[in-house]
Amino acid sequence: MYRVNHPRLAVLALLSVAAAWGSTFFLTKDLLTRMDVADYLALRFLIASVALLMVHPPAIARLSRLDRGRGVALGITYGIAQLVQTEGLRHTSASVSGFVTGMYVVFTPLLGAVILRHKIGRWAWVAVILATVGLGVLSLRGFSLGDGELLTLASAGLYALHIIGLGAWSTSQNAFGLSSLQMITITCVCAIGAIPGGFSVPSTGGDWVSVVYMALVAGALALIVQTWAQAHLTPTRAAIAMTMEPVFASTFAVLFGSDSLTWRMLVGGALVVSAMYLVELAPRRKFEAEVQHLAQ
């Protein structure tokens, strides 16, 4: 019988998540010319929350008390990261935002080693360095970062914390309930951010289509898949797999947005892809020292 928890399948699942997330950058960049950041995020995650609750209503009730607390903590972290990242996107291009966001591949092993005090394998560090150089080639202009890049860099740190927590706490059994509770919490965080300026909704059918797509495919479905996949991967390996997000972001921004293809995208993207392949092709024992899932 085929085992659905095979690590390779989990990596492929995370690549699909990265593609979905990457497709949102140019769509969000366009939407933010007509909607406030918090309004857009609150609406997007509200739709995603309702969808998850409709698919499996008892999922949250079946979580243990400990898992509920963890789900809320993960949701708060992710919600704040979304607000900070999306505000940063208003001040930089979709492709640069995607690549700076990808710096969570650097923060994940560093924070994991500090917080959980676990050693990171040699090959994982090599992959992290490759990905870092690739992200630098793609996003840096000289040695300075603007407000948009700095905000996005801060969100990358929060995403790294989310990846570490999700990798430590998620299991195949609690994946759906944990995803649903996170989504509801994210909605509440974004709704609080929307209160000061009032709440608005999209004014055109095209904008509604974009929001619904990002809510259901890049939101609800992607979070379920990520939560399940991270139950079978170490945080560093998951983060490196998800560095394909900025590669997809630039691809979509060039094909469907207003960004132009540059040598930086080609070289930097190749380095990021090389890092991902290194993780997949290196002997599995090299990763045994990475952060493991915590006992329930």
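What you are looking at is a predicted structure, and each value in this text was computed from that prediction instead of being measured.
Considering only heavy atoms from C-beta on, T101 comes within 4.5 Å of F25 through its side chain. With a 4.5 Å cut-off on side-chain heavy atoms, S172 and W228 count as touching. Within the 4.5 Å cutoff, no side-chain heavy atoms of P57 are placed close to those of L53. Side-chain contact between I60 and I184 is present, with heavy atoms from C-beta onward closer than 4.5 Å. Looking only at side-chain heavy atoms (C-beta outward), L181 and R70 stay at 4.5 Å or farther from each other. A heavy-atom distance below 4.5 Å is found between the side chains of L161 and I115. Residues T92 and L151 fail the side-chain proximity criterion, which asks for heavy atoms closer than 4.5 Å.
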Could you list the donor-acceptor pairs under 3.5 angstrom formed between side-chain atoms of residues 215-227 and any protein atom two or more places apart in sequence or on another chain?
| residue | atom | partner | partner atom | Å |
| --- | --- | --- | --- | --- |
| Q226 | NE2 | Q230 | OE1 | 3.0 |
| T227 | OG1 | S179 | OG | 3.1 |
| T227 | OG1 | L223 | O | 2.7 |

Which atom pairs, donor and acceptor, lie under 3.5 Å between side-chain atoms of residues 194-206 and protein residues at least two apart or in another chain?
| residue | atom | partner | partner atom | Å |
| --- | --- | --- | --- | --- |
| S200 | OG | D39 | OD2 | 2.9 |
| T204 | OG1 | D207 | N | 3.2 |
| T204 | OG1 | D207 | OD2 | 3.4 |

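Nearest approach of F45 to C190, heavy atoms of both residues: CD1-SG, 4.2 Å. When all heavy atoms are compared, the tightest approach of M242 to A18 is O-CB, 4.2 Å. L31 and V211 make their closest contact through CD1-CG2, 3.8 Å (heavy atoms, listed as atom of the first residue, atom of the second, distance). Taking each heavy atom of T24 and A20 in turn, the nearest pair found is CG2-O, 3.4 Å. When all heavy atoms of A154 and V84 are compared, the closest pair comes out as CB-CG1, 4.2 Å.
Every residue was checked against the side chain to side chain donor-acceptor pair (under 3.5 Å) condition with T86, not counting sequence neighbours, and none meets it. For D30, the salt bridge (charged side-chain N to carboxylate O under 4.0 Å, His left out) partners at least two apart in sequence or on another chain are R34. By the side chain to side chain contact (heavy atoms under 4.5 Å, CB included) test, T108 pairs with Y104, A160, I163, I164, P235, A239, sequence neighbours left out. Annotation: ring-ring contact (aromatic ring centres under 6.0 Å, His included) contacts of H56 (sequence neighbours excluded): F176.
Within the structure, side chain to side chain donor-acceptor pair (under 3.5 Å) pairs that include any residue of residues 41-54 comprise Y40-R44, S49-T187 (at least two apart or interchain). Note on residues 80-106: pairs passing salt bridge (charged side-chain N to carboxylate O under 4.0 Å, His left out), not counting sequence neighbours, are E87-R90. Pairs passing the side chain to side chain donor-acceptor pair (under 3.5 Å) check and including a residue from residues 73-82, sequence neighbours excluded, read Q82-Y159. Within the structure, salt bridge (charged side-chain N to carboxylate O under 4.0 Å, His left out) contacts touching residues 125-137 (residues at least two apart or in different chains) do not occur.
V209 shares a hydrophobic cluster with no other residue; no ILVMFWY side chain has heavy atoms under 4.5 Å from its own. Using a 4.5 Å cut-off between side-chain heavy atoms of Ile, Leu, Val, Met, Phe, Trp and Tyr, V50 falls into a hydrophobic cluster with L46, M54.
To the nearest 0.5 angstrom, Q173 atom CD is 11.5 Å from S64 atom OG. Rounded to the nearest 0.5 Å, atoms CD1 (I47) and CE (M214) are 9.5 Å apart. Between L158 atom CG and I80 atom CD1 the span is 6.5 Å, to the nearest 0.5 Å.
H91 and E149 form no side-chain donor-acceptor contact under 3.5 Å, judged by distance and modelled atom types alone.
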